[in-house]
Amino acid sequence: MRLLHDYWDILRGDRAFPNSSEVEVVDLPVSPGGVMLVDVAPNQMAFTLHWVGTDYVLWLRRESTGLQLEDLPPSPNTVPFAQMLRRSADNGLPQTRSLPAIPSMTVPAAELVVLPLGGPDGKVSRLLVGCAFDRKRRGLQVVG
């Protein structure tokens, strides 16, 4: 997740965060499979999954692009994930966190980074989320 943070840091320069229009999926220094773009509602009370990488699709066992955060399957990690998104949207600062595996739900352990992106008004309008799943705990196999 360090590479993704460094990419974000270079894009932002001396600003609080880069504009969302500056992020190009093809330029990401990590596999786009472990990346998600999340739209922040103007009132910052709702999050929509704008683009979801294949690792997330395999983990969630369904395509999630276009879903609201509350539409995701519930797990003990849902609340901490939502809190990370909220904090980053509210304060415009990166958030990092390790989430534990939940074997009973076949949820893998994960390292997350949430990076704010700005809109035309200078407020946080989107979040760049990177995740490194512990594939050994879940048995994910990504082809490609």
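What you see is a predicted model; the values in this text were computed from it and never measured.
Hydrophobic clustering (side-chain heavy atoms under 4.5 Å, transitive across Ile, Leu, Val, Met, Phe, Trp, Tyr) groups Leu3 together with Met36. A single hydrophobic cluster is seen to contain both Val25 and Leu4, as judged by linkage of ILVMFWY side chains at heavy-atom distances under 4.5 Å, directly or through other members.
With contacts defined as side-chain heavy-atom distances shorter than 4.5 Å, the pair Leu49/Thr65 does not qualify. Side-chain contact between Leu85 and Val40 is absent, with no heavy atoms from C-beta onward closer than 4.5 Å. Contact check for Val114 versus Pro94: no side-chain heavy atoms found under the 4.5 Å cut-off.
A salt bridge links Arg12 to Asp9: one of the charged nitrogens lies within less than 4.0 Å of a carboxylate oxygen.
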Please evaluate residues Val129 and Phe81 with respect to the criterion side chain to side chain contact (heavy atoms under 4.5 Å, CB included), reporting the C-alpha separation (whole Å), side-chain torsions for both, the decisive distance (0.1 Å), and the verdict. CA-CA 10 Å; Val129 179; Phe81 180 61; 3.9 Å; yes

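Of all heavy-atom pairs between Leu69 and Ala82, the closest is CD2-CB, 3.6 Å. In this structure, Pro116 and Val124 approach most closely via the heavy-atom pair CB-CG2, 3.9 Å. Closest non-hydrogen pair, Ala89 versus Phe47, comes out as CB-CE2, 4.1 Å. The minimum heavy-atom distance between Gly122 and Phe17, with the atom names listed, is O-CZ, 3.4 Å.
Judged as a side-chain hydrogen bond (donor to acceptor under 3.5 Å, both in side chains), the pairs with a partner in residues 18-38 (not counting sequence neighbours) are, in order, Arg15-Glu22.
With sequence neighbours excluded, no residue forms a side chain to side chain donor-acceptor pair (under 3.5 Å) with Thr96. Among residues two or more places apart in sequence or in another chain, the ring pair (Phe, Tyr, Trp, His ring centres under 6.0 Å) test is passed with His5 by Trp8.
Interatomic distance, Leu117 CG to Leu127 CG, rounded to the nearest 0.5 Å: 7.0 Å. Here CG of Asp90 is found 11.5 Å from CD of Gln83. Values are rounded to the nearest 0.5 Å.
Of the possible polar contacts, none joining the Thr48 side chain to the Leu67 backbone as a donor-acceptor pair under 3.5 Å is found. Remark: the backbone N or O of Arg97 is not paired with any side-chain donor or acceptor of Gln95 at under 3.5 angstrom.
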